[in-house]
Participant: 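The following block contains the structure, expressed as structure tokens.
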Amino acid sequence: MAHYTTTARTSLDPEQAFAFMADLRNLATWDPGVSRVERLTEHRDLGARYEVSLRSALVRTLRYEVVAFEPPRSLRVVARTAWLESVDVMSVERTEQGTFVTYDATLTLRGSLRVLDHVLQRAFDRIGDQAAAGLRRALGEGGLAQPRSERRGL
């Protein structure tokens with residue numbers, strides 16, 4: 001299992017921040033590992049499905065489904081392939097210091113590929129750092145973003 005989480009402060013109110021994160025098509029604007037996102041359903045709430053095209057040599061596309069949707073606080077999306085499960089949780093919290101958006105991603109290799117978890121974690125840290133920087137830029141134009149990153153391995 002590989003895990004990455006980051007938190008960014010934004011000047012957006014929680015409703016605006018949630019709307020931005022809940023529309024997975026925005027992934028392509030801040031995650032450099034994503035080349036394109038297509039929404040496969042009319043709606044973007046519970047049960048919505050997205051096809052995410054990646055710039056990865058190993059995985060070209062993932063199909064995500066929104067499995068939890070609680071505006072303006074959180075949503076969870078899940079993608080599964082024969083050998084990988086990706087679970088992403090996006091949460092929004094208003095505090096006295098502003099609105100904070102947390103992106104928490106977990107990749108789990110399935111079957112015999114689990115022996116490669118330690119390699120996956122190192123790669124996921126690098127990819128996650130790039131995505132976190134993009135998220136801070138997207139949410140915190142003008143230097144408003146205050147990153148608070150935390151990594152957990154196995």
Side-chain angles (χ1 to χ4, degrees), residues 1-8 10 12 14-93 99-141 145 147 149-153:
M1 173 181 74
H3 181 255
Y4 190 93
T5 185
T6 190
T7 298
T10 180
L12 297 174
E15 291 76 15
Q16 292 170 313
F18 181 84
F20 178 80
M21 299 303 291
D23 187 347
L24 292 191
R25 293 175 296 182
N26 289 321
L27 281 170
T29 67
W30 60 266
D31 187 339
V34 174
S35 61
R36 185 179 65 80
V37 179
E38 179 182 354
R39 190 171 64 205
L40 303 175
T41 56
E42 293 287 322
H43 59 94
R44 65 178 181 96
D45 54 3
L46 191 63
R49 292 186 322 276
Y50 295 83
E51 183 172 279
V52 178
S53 298
L54 304 171
R55 290 188 168 97
S56 165
L58 297 176
V59 180
R60 299 308 273 167
T61 60
L62 288 173
R63 288 203 173 196
Y64 280 93
E65 181 177 352
V66 177
V67 297
F69 189 82
E70 300 173 20
R73 292 186 316 262
S74 69
L75 72 142
R76 184 173 65 229
V77 297
V78 176
R80 290 183 182 91
T81 70
W83 57 277
L84 175 77
E85 179 180 70
S86 177
V87 178
D88 297 9
V89 178
M90 293 151 265
S91 29
V92 177
E93 179 183 14
T99 301
F100 288 86
V101 174
T102 299
Y103 193 89
D104 187 302
T106 303
L107 285 177
T108 304
L109 293 173
R110 298 169 69 160
S112 60
L113 291 176
R114 286 187 180 165
V115 299
L116 300 174
D117 275 341
H118 65 288
V119 174
L120 180 63
Q121 182 64 56
R122 282 190 292 240
F124 202 37
D125 284 344
R126 185 175 24 80
I127 293 165
D129 286 346
Q130 294 170 357
L135 180 62
R136 290 191 303 272
R137 281 191 302 275
L139 291 175
E141 289 295 326
S149 296
E150 168 190 325
R151 294 181 200 131
R152 292 186 301 209

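Remember, predicted model here, so these are calculated numbers, not experimental data.
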Participant: Please identify each residue that fulfils side chain to side chain contact (heavy atoms under 4.5 Å, CB included) with Ser91, with sequence neighbours left out.
Facilitator: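 Expected list: Ser74, Thr102.
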Participant: Give every residue pair that meets the salt bridge (charged side-chain N to carboxylate O under 4.0 Å, His left out) criterion with at least one member in residues 74-84, sequence neighbours excluded.
Facilitator: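 Found Arg80-Glu85.
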Participant: Is the shortest heavy-atom distance from the side chain of Thr61 to the side chain of Val52 under 4.5 Å?
Facilitator: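 Contact flag for Thr61/Val52 side chains = no.
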Participant: Side-chain atoms of residues 64-73: list all donor-acceptor pairs with protein atoms under 3.5 Å, sequence neighbours left out, distances to 0.1 Å.
Facilitator:
from	atom 1	to	atom 2	distance (Å)
Tyr64	OH	Ser86	OG	2.7
Glu70	OE1	Arg73	NH2	3.4

Participant: Looking at Ala28 and Val37, what are the two nearest heavy atoms and their distance?
Facilitator: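 Of all heavy-atom pairs spanning Ala28 and Val37, the closest is N-CG2, 4.3 Å.
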Participant: Which residues pass the side chain to side chain donor-acceptor pair (under 3.5 Å) test with Asp23, sequence neighbours left out?
Facilitator: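 Result, side chain to side chain donor-acceptor pair (under 3.5 Å) vs Asp23: Arg25.
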Participant: Rounded to the nearest 0.5 Å, what separation is found between the CD atom of Glu93 and the OG1 atom of Thr7?
Facilitator: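 If we round to the nearest 0.5 Å, Glu93:CD and Thr7:OG1 are 9.0 Å apart.
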Participant: Not counting sequence neighbours, which residues clear salt bridge (Lys or Arg N to Asp or Glu O under 4.0 Å) with Arg36? List them please.
Facilitator: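 Glu38, Glu51.
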Participant: Which distance, rounded to the nearest 0.5 Å, do you find between the CG of Leu107 and the OH of Tyr4?
Facilitator: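 Atom-to-atom, Leu107:CG and Tyr4:OH are 13.0 Å apart.
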Participant: Output all residues satisfying side chain to side chain contact (heavy atoms under 4.5 Å, CB included) with Thr41, sequence neighbours left out; order by chain, then residue number.
Facilitator: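 Expected list: Arg39, His43, Ala48, Arg49.
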Participant: Met1 and Thr108: which non-hydrogen atoms are nearest, and at how many Å?
Facilitator: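 The pair with the smallest heavy-atom distance is CG-OG1, 4.0 Å.
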Participant: Nearest heavy-atom pair of Ala22 and Arg44: which atoms, and what distance?
Facilitator: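 Scanning both residues, the minimum pair turns out to be CB-NH1, 3.2 Å.
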Participant: From Thr81 OG1 over to Arg60 CZ, what is the distance, rounded to the nearest 0.5 angstrom?
Facilitator: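 Reported value, rounded in 0.5 Å steps: 14.5 Å.
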Participant: Taking all heavy atoms of Ala138 and all of Phe20, pick out the closest pair and write down the distance.
Facilitator: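 Taking Ala138 first and Phe20 second, the nearest heavy atoms are CB-CZ, 4.0 Å.
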Participant: Please list, chain by chain and in numerical order, all residues satisfying side chain to side chain contact (heavy atoms under 4.5 Å, CB included) with Leu12, sequence neighbours excluded.
Facilitator: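 Side chain to side chain contact (heavy atoms under 4.5 Å, CB included) list for Leu12, sorted by chain: Thr10, Gln16, Ala17, Leu139.
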Participant: Determine whether Val77 and Met90 make a side-chain contact, defined as any pair of heavy atoms from C-beta on separated by less than 4.5 Å.
Facilitator: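 Of all side-chain heavy-atom pairs linking Met90 with Val77, at least one is under 4.5 Å.
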Participant: Restricting to ring-ring contact (aromatic ring centres under 6.0 Å, His included), what partner residues turn up for Tyr103, sequence neighbours left out?
Facilitator: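 Listed in chain order: Trp30.
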Participant: CG/Asp104 to CG/Asp88 distance, rounded to the nearest 0.5 angstrom?
Facilitator: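 It comes to 8.5 Å.
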